[in-house]
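For the numbers below, each heavy atom of this structure counts, side chains included, while hydrogens, waters and symmetry mates do not. To find a chain, count down the sequence lines: A is the first, B the second, and so on, and within it residues start at 1.
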Amino acid sequence: MDPLERALRDIERALGDEAFQEGVKRAARHAEERVPHILEEHPYLRELAREVRRVKEEVLSNLDHYIEEAMESLGRMGARAYLAGDASEAREIVAGIVGTGKTVVLSKSMTAEELGLREYLESLGNEVWETDLGQLLIQLEGGKPMHSVAPAVHLTRERVAALLREKLGLRVPPGTSPEEMVRLVRGFLREKFTSADVGISGANAIAAETGSIVLVENEGNIRLVTGLPPVHIAVAGVEKIVPTLLDALKVAIVQAAYDGLYPPNYINVISGPSATADIEHKRVRGAHGPLEVHVVLVDNGRRAALRDPLLSEQLRCIRCGRCQWECPVWQHTANLWGGPSYGGPMGVVWTAITRGVEEASGLALLCLGCARCDYVCPVEIPISRILRSLKARYSKRITRGV
Amino acid sequence: MASVRAVLEFLADSTLKTGLPVPVPMEEVYSWAIPLGLPRSGRVHLYTGALYQLMPYIERLGRYLESLEGSRSAAAILRLARALIAAPRFTRTLLSPEPQALERPRAILSRIARFLGAAGYYVAYPYEGDLYSGVLLYDMGLDDAFAEVASRVYRVLKEAGAEEIVTVDPHTTHVMRSVYPKYVDGYDLEVRNYLEVLAEAVDSGRVRLRPRVREVVIHDPCFYARYEGIIEEPRRILRAAGVEVREPRRSGRMTYCCGGPVESISPRLASKIAETRLSELREESKTVVVMCPICYANLSRANRLGLRIIDIAEAFDVEV
């Protein structure tokens, strides 16, 4: 089915779904009001966002060098680094580490989503659990994340209760409070965390200089995913590399602020496998945390996009999702507009980068060109201009250049 | 959804062959100016770009193509386009827009011309040369067709002696000021928007205004607010006229789209976005002021809340 026709069909259904509309609208309104408030209260955040933009531009102007430096540093820290050319190569690398018959816990990662990692590992006979509550609900629902930071934004508490009851067999009678549901899920996942063989995370940023992975979160699941199992695998697009650890922390801070959750509950820094120096102050690898850390850097269209004057601008994206919160189309469709994994204004462009312009360009026709996204992007990506250029490519293709 | 390809080709074909996105006789575009006796040549031209005048047709065409759903094929739509291009008079019979819908934009444009005159800004008008700017082709990414249209529009305006043009809607303003220079070699028209001209005249005391409504909620069009930075001018004008201006939750630079631009791809989505916008406008006032014929059309279509939607040019009069 044509991607635009599929999106229109899904959107048509969602427009008639009042609970979906109400959920998305409420969440967007909160974010619309919260982010300006956060930026006003912490004036340094705008300056940090400008610094992140500069840092990203520097990396993208010399990406191969930074990939090489990051891989060297990761190796030096005792992690194993891989560079995957495309999605299937990335899946194979991860599958090679995980094997079969394992229990795997996953923290929410848009890159893992892009790779179809969960489904692939399941198909190989592994038991795989999403541990971010929203993303777990998406796994149970069998859909796609509806926002890059708040994946289950479209589900009401009643719908959540039904999913937990039907798919996990939890005792969630009608009228159960969100607090109680969270407690029940915590109990359910606790056992998965402790028995997991492998934890898989994404990364908000990777410091080329030190080989450190930085992850920002609120639930605390990332600490458990990356801390409890003996093996930790991080998957990250190559554009997540920044020069230094300080830069990586800035990315995490800006990402949290522009999503509207500030301060974040946790920022995690992972530099290789766990270690101790408590015997004669000599560093020994392997302590309470993982013994093995693997980092899969994913290209999957990114380096090719660098050669495109407009698509390349999207590579600065830190996936805060603010363009989604602010987009009038997204506020009525959530990520049903955008492609199989990404969604919203930036999502259409990410679909173009990771799956090709042909698949994404028709979807750009649903952009209003209203440019709210351009005004709220922390790293000043001209999203609506990129979408217009995708429309132009679509129009050219279907009309054979009128 | 009518075949996207057919709609795009319809628009491009018609604009290239007739100068208008929907083929209608040129009088439909310029008849409003005849009673005013605007001169044909001069340094400053009022250039409407035909958007106000053609919106009733563009809307009906969208409806018509949708109604062909099922039986429609891209080829049938293109045959229709060719037939109408050959006989533009038939378009009115086929689409039969409400006479009132055709009259309203004419009244708005003649009000605008009178405002400009009162401000001492005497404009010429190109009549048959008031061609469509091609903005829809640009928005839909039909760059080659757009470039051809842009050069023709520019040539016609230059031949009429224009050095400066005054525009009346956000899309034409943006495309003439910020897009044409990238598509037309040697482009040197100065572009002013009538709200800028009028705000200046009001500020300097050259024009006095009086209200036609007591209070309004203002709906900024995206292209004024975010692309051209025209935010304060309409407010200064309305306040100077004594109209109380109320701001919706999302206004000024962060204004919210009316939904109109996706109308041809998803009418339902366009109308949902309009409903969302109308419900937040209603929180401030029962009278909504718009400044764009696309906003007017899309918000009016979705207006089930009984709001009064008026163009800014209908919100005040000049004192004589």
Side-chain angles (χ1 to χ4, degrees), chain A residues 2 4-5 7-18 20-22 24-25 28-29 32-33 35-36 326-333 336-337 361-376 384-385 387-402, chain B residues 1 3-13 15-16 74 78 135 137-146 148 171 174 179 220-223 225-227 249-250 252-277 279-280 294 298:
Chain A
D2 173 71
L4 176 60
E5 274 175 42
L8 286 169
R9 185 201 59 196
D10 294 346
I11 289 167
E12 191 68 26
R13 200 177 308 133
L15 288 175
D17 180 342
E18 271 174 43
F20 180 105
Q21 292 298 321
E22 198 51 35
V24 173
K25 201 172 283 183
R29 178 162 189 167
E32 275 183 312
E33 290 171 355
V35 179
E326 297 277 351
C327 169
V329 173
W330 187 90
Q331 291 182 4
H332 295 84
T333 67
L336 293 175
W337 172 48
S361 59
L363 296 168
L365 260 53
L366 280 167
C367 166
L368 296 158
C370 84
R372 281 189 118 214
C373 49
D374 301 354
Y375 271 83
V376 298
S384 71
R385 209 164 79 221
L387 290 173
R388 207 201 73 82
S389 89
L390 288 174
K391 284 183 201 177
R393 293 184 219 191
Y394 181 80
S395 299
K396 195 156 220 150
R397 181 155 55 85
I398 64 164
T399 60
R400 294 174 304 280
V402 176
Chain B
M1 180 183 67
S3 153
V4 177
R5 184 189 140 215
V7 173
L8 291 179
E9 291 194 350
F10 188 116
L11 290 174
D13 255 23
T15 312
L16 287 171
L78 293 176
V135 61
L137 306 184
Y138 174 74
D139 288 342
M140 299 304 278
L142 292 165
D143 284 1
D144 295 342
F146 172 72
E148 198 178 323
H171 295 267
H174 171 66
V179 181
D220 292 285
C222 302
F223 277 74
R226 276 187 289 274
Y227 285 85
R249 177 164 77 87
R250 297 177 275 202
R253 218 185 62 166
M254 287 313 290
T255 188
Y256 200 73
C257 184
C258 69
V262 293
E263 161 72 16
S264 63
I265 309 293
S266 173
R268 181 115 186 264
L269 176 60
S271 100
K272 276 280 181 186
I273 295 172
E275 283 167 24
T276 298
R277 180 58 165 171
S279 64
E280 78 187 31
I294 298 176
N298 206 53

(Q) If I take atom CE from residue B:M254 and atom CZ from residue A:R372, how far apart are they, to the nearest 0.5 angstrom? (A) 4.0 Å
Q) Between A:K396 and B:D144, does at least one N-O distance fall below 4.0 Å, as a salt bridge requires? A) yes
Q) Heavy-atom distance under 4.5 Å to chain B: side chain of A:E33, backbone, both or neither? A) side chain
(Q) For A:S389, which atoms come within 4.5 Å of any heavy atom of chain B: side chain, backbone, both, or neither? (A) neither
Q: Would you mind checking which part of B:R277 comes under 4.5 Å of any heavy atom in chain A, side chain (CB onward), backbone (N, CA, C, O), both or neither?
A: neither
Q. Is atom CZ of A:R9 surrounded by more than 12 heavy atoms (other residues, nucleotides or ligands) closer than 6.0 Å?
A. yes
**Q.** Residue A:V329 versus chain B: region with a heavy atom under 4.5 Å
**A.** both
Q: Hey, could you give me the CG/NZ distance between B:D139 and A:K391, rounded to the nearest 0.5 Å?
A: 6.5 Å
Q | Gap separating the CG atom of A:L4 from the CD1 atom of B:I265, nearest 0.5 angstrom | A | 6.5 Å
Q: With a 4.5 Å cut-off on heavy-atom pairs, point out which of B:R253, B:R268, B:E263 contacts chain A the most.
A: B:R268
Q.
How long is the straight-line distance from OG1 of A:T333 back to NZ of B:K272, given to the nearest 0.5 Å?
A. 13.0 Å
Q) Tell me, side chain or backbone of B:F223 under 4.5 Å from chain A's heavy atoms, or both, or neither? A) side chain
Q. Given a strict heavy-atom distance threshold of 4.5 Å, which part of A:S384 is in contact with chain B: side chain, backbone, both, or neither?
A. side chain
Q.
Strictly distance-based, threshold 3.5 Å: is any side-chain N or O of A:R388 a donor or acceptor partner for the main-chain N or O of B:Y138?
A. yes
Q) Of all residues at least two apart in sequence or in a different chain, which pass the side chain to side chain contact (heavy atoms under 4.5 Å, CB included) check with B:T276? A) A:K25, A:H332, B:R250, B:Y256
Q. Out of curiosity, B:S266 OG to A:L365 CG, how far, rounded to the nearest 0.5 Å?
A. 11.5 Å
Q) Can you name the salt bridge (Lys or Arg N to Asp or Glu O under 4.0 Å) partners of B:R226, sequence neighbours left out? A) none
Q. Which bit of B:D143 is near chain A, if near means a heavy-atom gap under 4.5 Å: side chain, backbone, both or neither?
A. side chain
Q. What is the minimum heavy-atom distance between A:S395 and B:L8, and which atoms define it?
A. OG-CD1, 3.6 Å
Q: Measure the spacing between CD of B:E275 and CD of A:Q21 and express it to the nearest 0.5 Å.
A: 10.0 Å
